[in-house]
Amino acid sequence: MPYEPKKVENKIYQFWEESGFFNPDKLPARHKKPYTIVIPPPNVTGELHIGHALNATIQDILIRQKRMQGFKTLWLPGTDHAGIATQNVVEKKLRKEGKTRFDLGREKFIEEVWKWKEEYGNKILNQFKKLGSSCDWSRTRFTMDQGYSDAIKEAFLHYHKKGWIYKGKRIVNWCKRCATSLSDLELEYKEEKGNLWFIKYPVKDPPAGEAGGGFITVATTRPETMLGDTAVAVNPKDKRYKNLIGKTAVLPLVNREIPIISDILIDSKFGTGAVKVTPAHDITDQAIGEKHKLEAIQVIDEKGRIINSPEKPARSGFATGDAGGYNGLKIDEAREKIIEYLKCQNLLEKTENYTRQVPKCYRCSTTVELIPSMQWFLKMSELAKLAEKPVKAGKIKFHPKNFEKPYFDWLKNIKDWCISRQIWWGHKIPIEGETDVLDTWFSAALWPFATLGWPEKTKDLKNYYPTAVLSTARDIINLWVARMIFSGMEFMKEIPFSHVYVHATVLTRDGQRMSKSLGTGIDPVKLIEEFGADAVRFGIAFQIMGNQDIKFVTDNILMGKKFCNKIWNASKFVELKNGKEKYDGKKPYAKNKADKAILKSLEKTEKSVSKCLENFEFGKSAHILYDFFWHDFCDKYIEESKKQESENTNKILMYVLLGSIKLLHPFMPFITEKIYQQLPLKNKKECIMIEEWL
RNA sequence: GGGCAGUUAGCUCAGCGGCAGAGCACUGCAUUCACAUUGCAGGGGCCAUAGGUUCAAAUCCUAUACUGCCCACCA
């Protein structure tokens, strides 16, 4: 009879939950030393994908092995409210009904988001259960729980008291669709073909014999921002413009007189070596502007429209030298009209094709504008040092180690963190009269201790902090991991975890990123239904090798399914041979060559697997277990045993089977539990989950 | 522009100085035997390219090409 996971899995999971052993406080007495993993909380935006299944498998393998080794294991589950992302999916849903969030109003809208959260939050947690994840569900947390919100307030006010939080008008990344600011890490750059326009700015009182013929030519990809130009800048060493530094240029369109200045930030090799300076809409220009005390004139508003002269409405005329004529136009329209006007005026020297990296909102892919805005910032200089220290000192180790380099690079060049967002779904900034909410990563940064009750001095915090391992995707190392590290150091005075395991990115067979919108995602629950949870887990684990990408194929899941069947039938054979006599668990004698070989091989397998798991070598562990069980045990020893039937042989069969299912349990928890329950053993534990690792 | 990975069987990947391996797919044979979701046997490889080190290179070094990812203010 083949193994039928559907008949086994749900029952076994229920049995585990009822046992209480997912909760470390209810584990038997031999479990003493704590071992904690906090789950990277999935966003409540939707359902899980194969990447989540991968990470859940990894964490459950670690937790189950440690539990068997006698650790007081806590795997703390939860979900993240995921500010912008969740707000967006709910808005999308409303849009299908022909509504916007403004139709509902803030309160009603947030009610809608909570409904969404209930539905998808639960779905996500159930998906983890289907995979066999041994989380302590009694400790499930959500980043907007009451207690968690207290932690946010405490953290914000702590920083505020230290003077590290300030409010200021700064250039921020602005998504005009989400109508909110974004941090640098929330941008995705996309290559776009565009132009580099060479525009002639007239020079007032040009020096005699100047090569430019009374003009200075600037190169720009954003001509529409010239309405806000307050200088032209060149490199001080640039001989071409030596005589022009200190002179005045006349800005076309508005006829504003602007200085020609010099600054070392200008690269004389790019374009003409002369740059238009728009301090309100460019980071470098802002720096130059501050240095040279230039005015910052905002010309693009929060809707992505030109606001140069609010008192003058846009005119329908096609070419205009009147700045007010662009008022209210969209950026693209304004760009087009400005170029047309410059052409008419003979001020456009030439146009070159130019491909540039355009920043997009990572949640909705809208082009992000740089605009000055009043925002809250968290000063990063001290916190960056806190994040750097424990990693440099080796107290926190990255696996693989080469992820430390980008981590340090980011910290070295860090900018202050814009922590306010102009959305509705999230934690309100805990200051009277503020309507903005906090960046979702501000709450995620507190996850390893806020989930354990901080700022209260709880027993859990004392018992289970710091955690052991954080297993995460590589794209959130700086976005999240770095921030957890400095938060832990600042609030707990201790590292949040000792190991950061950076797991592989799961790609499609063709090497594409898995994504719902591309239709390339694979639903792990469907796989579980087809192959069984153990097969999915083992197949995934089998594929986690050194390479940091996994091109996902179901071949390995099929292998996992076959392997389940093999284990199932081998155990049936052993049970049959053994009869009803209860096995005492003692190591049997090796009476011949075959006996000796299998016992030795089991011992070797145990050592290798334990060592591999210490080093986070999941795929290697799976290969070793597969080879041992299939080839050494089934192909060789079981076949041999048919020729040398004896009581001792039967004991060896039982001993090796028991050892094998223990070693396999972290990888394939359901089938190994089911077999364990059926085995006639003298000193049987309630379940294999709390059996002793060899 | 800078950094990091990768390139080995039809596909997905191991191996990382000493006879080229696994899973899946493929071919042949075997069904009262724990298991056909099986067993046995087999086919299939210029280990990306070019140099170098070595008694010996898929493996170490140097280039090149291609692929993927991360970071970056080049207007």
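Keep in mind the model is a prediction, meaning the values are calculated, not measured. To find a chain, count down the sequence lines: A is the first, B the second, and so on, and within it residues start at 1.
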A:Lys415 NZ to B:A72 P, straight-line distance once rounded to whole Å
8 Å
Pick base, sugar-phosphate or nothing for A:Leu558, based on heavy-atom distances below 4.0 Å to the nucleic acid.
sugar-phosphate
5'-most contact on RNA chain B (nearest-nucleotide basis), A:Phe542 vs A:Asp549, goes to A:Phe542
Rounded distance in Å between the P positions of B:A9 and B:A22:
14 Å
Starting at atom CG of A:Asn569, determine the distance to atom P of B:C33, rounded to an integer number of angstrom.
12 Å
If you compare every side-chain N and O of A:Lys566 against the phosphate oxygens of B:G39 (OP1, OP2), does one of them come in below 4.0 Å?
yes
Would you say A:Lys551 places a side-chain N or O within less than 4.0 Å of OP1 or OP2 belonging to B:U67?
no
At what distance, to the nearest 0.5 angstrom, does CG of A:Leu54 lie from CZ of A:Phe552?
9.5 Å
Could you tell me whether A:Phe403 contacts a base, only the sugar-phosphate backbone, or nothing, with contacts defined as non-hydrogen atoms closer than 4.0 Å?
nothing
To the nearest angstrom, the CD1-C1' distance between A:Ile477 and B:C69 comes to 11 Å
Can you identify which nucleotide, out of B:A75, B:U12, B:A72, has its nearest atom closest to the A:Ile266 side chain?
B:A75
Check for a donor-acceptor pair, side chain of A:Trp480 on one end and backbone N or O of A:Ala444 on the other, with a separation under 3.5 Å.
yes
Does the plane of the ring in A:Tyr637 sit parallel, tilted or perpendicular to the ring in A:Phe633? Use 30° and 60° as the thresholds.
parallel
Rounded to whole Å, CH2 of A:Trp568 lies from P of B:A36 at a distance of 15 Å
How would you label the contact of A:Cys634 with the nucleic acid (heavy atoms, under 4.0 Å): base, sugar-phosphate, or nothing?
base
Against the side chain of A:Asp282, the closest entry in B:U38, B:C40, B:A75 is B:A75
Output for pair (A:Ile675 CD1, A:Met668 CE), nearest 0.5 Å, gives 9.0 Å
Taking any heavy-atom pair under 4.0 Å as a contact, classify A:Arg474: base, sugar-phosphate, or nothing.
sugar-phosphate
Compare the minimum distances between each of B:A75, B:A34, B:C69 and the side chain of A:Asp267, then state the nucleotide with the smallest one.
B:A75
I want to check one thing: is the phosphate of B:G39, taken as OP1 and OP2, less than 4.0 Å away from some side-chain N or O of A:Trp630?
yes
I want to verify a distance call: between B:A34, B:C35, B:A75, whose nearest atom is closest to the A:Thr220 side chain?
B:A75
Side-chain N or O of A:Tyr354 less than 4.0 angstrom from OP1 or OP2 on B:A75?
yes
Indicate whether the side chain of A:Asp523 and that of A:His49 have a donor and an acceptor atom separated by less than 3.5 Å.
no
Aromatic ring pairing A:Tyr501/A:Phe618, orientation class (parallel under 30°, perpendicular over 60°, tilted between):
perpendicular
What does A:Ile638 touch in the nucleic acid at a heavy-atom separation under 4.0 angstrom: a base, only the sugar-phosphate, or nothing?
base
Among B:A34, B:A5, B:G23, which nucleotide has an atom closest to any side-chain atom of A:Asp555?
B:G23
Out of B:A14, B:A34, B:U37, which nucleotide sits closest to the side chain of A:Pro2?
B:U37
To the nearest 0.5 Å, what is the distance between OH on A:Tyr583 and CG on A:Leu657?
10.5 Å
From CG (A:Leu196) to CZ (A:Arg222), nearest 0.5 Å:
13.0 Å
Taking the side chain of A:Lys562 as its heavy atoms from C-beta onward, which of B:A5, B:C24, B:A14 lies nearest to it?
B:C24
d(NZ, A:Lys412; C1', B:G3) in whole Å
12 Å
Taking the six-membered ring of A:Tyr676 (Phe, Tyr or Trp), confirm whether the NZ or CZ of A:Lys662 is under 6.0 Å from its centre and within 45° of its axis.
no
Aromatic ring proximity A:Phe398/A:Tyr407, centre distance under 6.0 Å:
yes
A:Lys405 and A:Asp409 ion-paired at < 4.0 Å
yes
Positions of residues 607-617 of chain A (non-hydrogen atom under 4.0 Å from RNA chain B), listed by number:
none
A:Gln286 near the nucleic acid: base, sugar-phosphate alone, or nothing, with a heavy-atom cut-off under 4.0 Å?
nothing
Considering just the side-chain nitrogens and oxygens of A:Lys405, establish if one lies under 4.0 Å of OP1 or OP2 belonging to B:C70.
no
What is the separation between atom CE on A:Met559 and atom P on B:A14, rounded to the nearest whole Å?
14 Å
N/O donor to acceptor pairs below 3.5 angstrom from side-chain atoms of residues 563-570 of chain A, sequence neighbours left out:
residue  : atom : partner  : partner atom : Å
A:Asn565 : OD1  : A:Tyr3   : N            : 2.9
A:Asn569 : OD1  : A:Lys572 : NZ           : 3.4
A:Asn569 : ND2  : A:Asn565 : O            : 3.0

Take A:Asp627 and A:Asp635, find for each the nucleotide of RNA chain B with the closest heavy atom, and name the residue whose nucleotide sits nearer the 5' end.
A:Asp627
Please report the distance, rounded to the nearest Å, between CZ in A:Phe629 and P in B:C35.
15 Å
Between B:C74 (C1') and A:Asp263 (CG): distance, integer Å:
13 Å
Reading RNA chain B 5' to 3', how would its secondary structure be written in dot-bracket notation, given Watson-Crick and G-U pairs with both distances under 3.5 Å, brackets [ ] for crossing pairs and | for partners on other strands?
(((((((..((((....[..)))).(((((.......))))).....(((((..]....))))))))))))....
Among the nucleotides B:A75, B:U37, B:A14, whichever has the atom closest to the side chain of A:Lys561 is B:U37
